[in-house]
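Below is one structure, written out as structure tokens, with a few remarks after it.
Just so it is clear, the model here is predicted, and its values are computed rather than measured. Quick note: numbers below take in every heavy atom, side chains included, and nothing from hydrogens, waters or symmetry partners.
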Amino acid sequence: MRIIDLLERKLGRFAIPNLTLYLIAGQSFFYVMYLTGKLERSSTYFSADLLMAGEWWRIFTIPFDPPRSGVLFTLIAWYFFYMLGSALEEYWGAFRYNAYLFLGCLITLGASFLVPAYPISNAFLAGSVFLAFAALFPEFEILLFFILPVKIKWLALLTWLGYAYQFIFGDWTARVMVLAATANFLIFFARDILLNLRQGRRQIAKKVAKAPRKEQPLTHKCTTCGITDKTDPEMDFRYCPKCNGQYGYCRDHIFSHEHKK
């Protein structure tokens, strides 16, 4: 993240503190306008087709497009978005948190040109914040349905599995949306992901090295001199029929040994 460090030194003073709160306030404004009938629900939609048709102002409505759900679910969504987003801002600092969300908006904006007629939502904002929080605080517990305590890492795993299913079995639009929803996370956490992969390989190698190795049984061994077919691959070995038992001998001792009785 050297680029982020450099940008923070030069542009850190322009970071917007409490960005999550401003985003929720903007979404709340438009949500109330929709509920009261002052605006059409499509007013904050964004698609590349609308942008190319001259509605350039829709670029700025992407982060303020409210959830497309009922009041109760929307309030719960805003609550978690604020809780997780505020924690990320406190952990990263305002500039990095701003950069994370801004990068997600830019990627989604660019991805919309691959599916120009598809209306883009800002669900990626909350989704990417959730994945980032889960990566940094995997043991954090939340009350699922306000009753069941669940560690956030398991919910993140389900989210990744859902994204994987959409990417593999979904249509082209679904694949583009999955990439747009996860690209800023993958960019920000690329170094951590690579380090974890390398550490995982090292741990596997250590376990393999420490695992007890079974000695391979010797195929042939001379009873007299002790050489084997491993120490002397060119040697011929024979078993003496006059010895009482399975006694093998090299060609130098097959006729000159004392028989075992």
Side-chain angles (χ1 to χ4, degrees), residues 1-12 14-24 62-63 77-112 114 120-142 144 150-170 174-206:
M1 303 300 289
R2 294 179 180 177
I3 296 177
I4 294 295
D5 294 334
L6 178 61
L7 291 175
E8 186 172 11
R9 286 195 294 270
K10 292 186 176 182
L11 304 175
F14 298 111
I16 302 174
N18 299 315
L19 180 59
T20 307
L21 188 60
Y22 292 127
L23 292 176
I24 293 175
I62 294 178
W78 282 336
Y79 168 75
F80 280 107
F81 182 48
Y82 176 75
M83 179 179 68
L84 303 183
S86 299
L88 281 182
E89 182 175 340
E90 183 177 355
Y91 182 84
W92 272 339
F95 180 82
R96 293 191 178 218
Y97 181 62
N98 283 200
Y100 185 72
L101 294 183
F102 183 67
L103 180 62
C105 288
L106 285 181
I107 292 173
T108 303
L109 179 64
S112 67
L114 299 176
I120 301 297
S121 74
N122 68 356
F124 70 92
L125 278 177
S128 63
V129 166
F130 169 75
L131 293 177
F133 183 89
L136 294 173
F137 310 102
E139 301 300 322
F140 182 82
E141 286 189 350
I142 63 174
L144 193 62
V150 179
K151 290 186 177 181
I152 201 168
K153 63 181 179 182
W154 303 123
L155 297 179
L157 177 60
L158 292 177
T159 301
W160 280 114
L161 291 175
Y163 282 152
Y165 181 85
Q166 293 180 53
F167 189 81
I168 296 172
F169 299 105
R175 294 189 180 100
V176 171
M177 292 301 99
V178 168
L179 290 175
T182 59
N184 60 332
F185 173 88
L186 296 176
I187 292 173
F188 260 67
F189 289 87
R191 183 172 178 271
D192 293 335
I193 294 172
L194 291 175
L195 289 176
N196 287 335
L197 289 175
R198 291 175 183 173
Q199 184 178 3
R201 287 199 297 267
R202 292 194 189 100
Q203 290 177 349
I204 292 174
K206 288 180 180 179

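The minimum heavy-atom distance between Phe167 and Arg175, with the atom names listed, is O-NE, 2.7 Å. When all heavy atoms of Trp160 and Leu186 are compared, the closest pair comes out as CH2-CD2, 4.3 Å. Taking every heavy atom of both residues into account, Tyr163 and Gly127 meet most closely at OH-CA, 4.5 Å. For Val178 against Gln166, the heavy-atom pair with the smallest separation is CG2-CB, 3.9 Å. Nearest heavy-atom pair, Pro17 versus Ala15, reported as atom, atom and distance to 0.1 Å: CD-O, 3.3 Å. When all heavy atoms of Trp92 and Tyr97 are compared, the pair lying nearest together is CE3-CA, 4.1 Å.
Thr20 contributes atom OG1, which lies 6.5 Å from atom CD1 of Ile24 (distance to the nearest 0.5 angstrom). Note: Leu101 CG to Leu88 CG = 8.5 Å, rounded to the nearest 0.5 Å. Residue Leu84 holds its CG atom at 10.5 Å from OG of Ser128, rounded to the nearest 0.5 Å. Leu158 CG to Lys153 NZ: the interatomic distance, rounded to the nearest 0.5 Å, is 13.0 Å. A distance of 4.5 Å separates CE in Met83 from CZ in Phe140, rounded to the nearest 0.5 Å. Rounding to the nearest 0.5 Å places CZ of Phe133 at 11.5 Å from CG of Leu155.
Checked against a 6.0 Å centroid threshold, the rings of Tyr91 and Phe137 count as neighbours.
With respect to the salt-bridge test (charged N to carboxylate O, under 4.0 angstrom), the residues Lys151 and Glu139 qualify.
A salt bridge (charged side-chain N to carboxylate O under 4.0 Å, His left out) check over residues 99-108, counting only residues at least two apart or in different chains, returns nothing.
Considering only heavy atoms from C-beta on, Phe189 stays 4.5 Å or farther from Leu131 through its side chain. Between Val129 and Phe80, the closest side-chain pair of non-hydrogen atoms is not below 4.5 Å.
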Using a 3.5 Å cut-off and no angle test, enumerate the donor-acceptor pairs between side-chain atoms of residues 102-111 and protein atoms at least two apart in sequence or in another chain.
residue	atom	partner	partner atom	Å
Thr108	OG1	Gly104	O	2.9

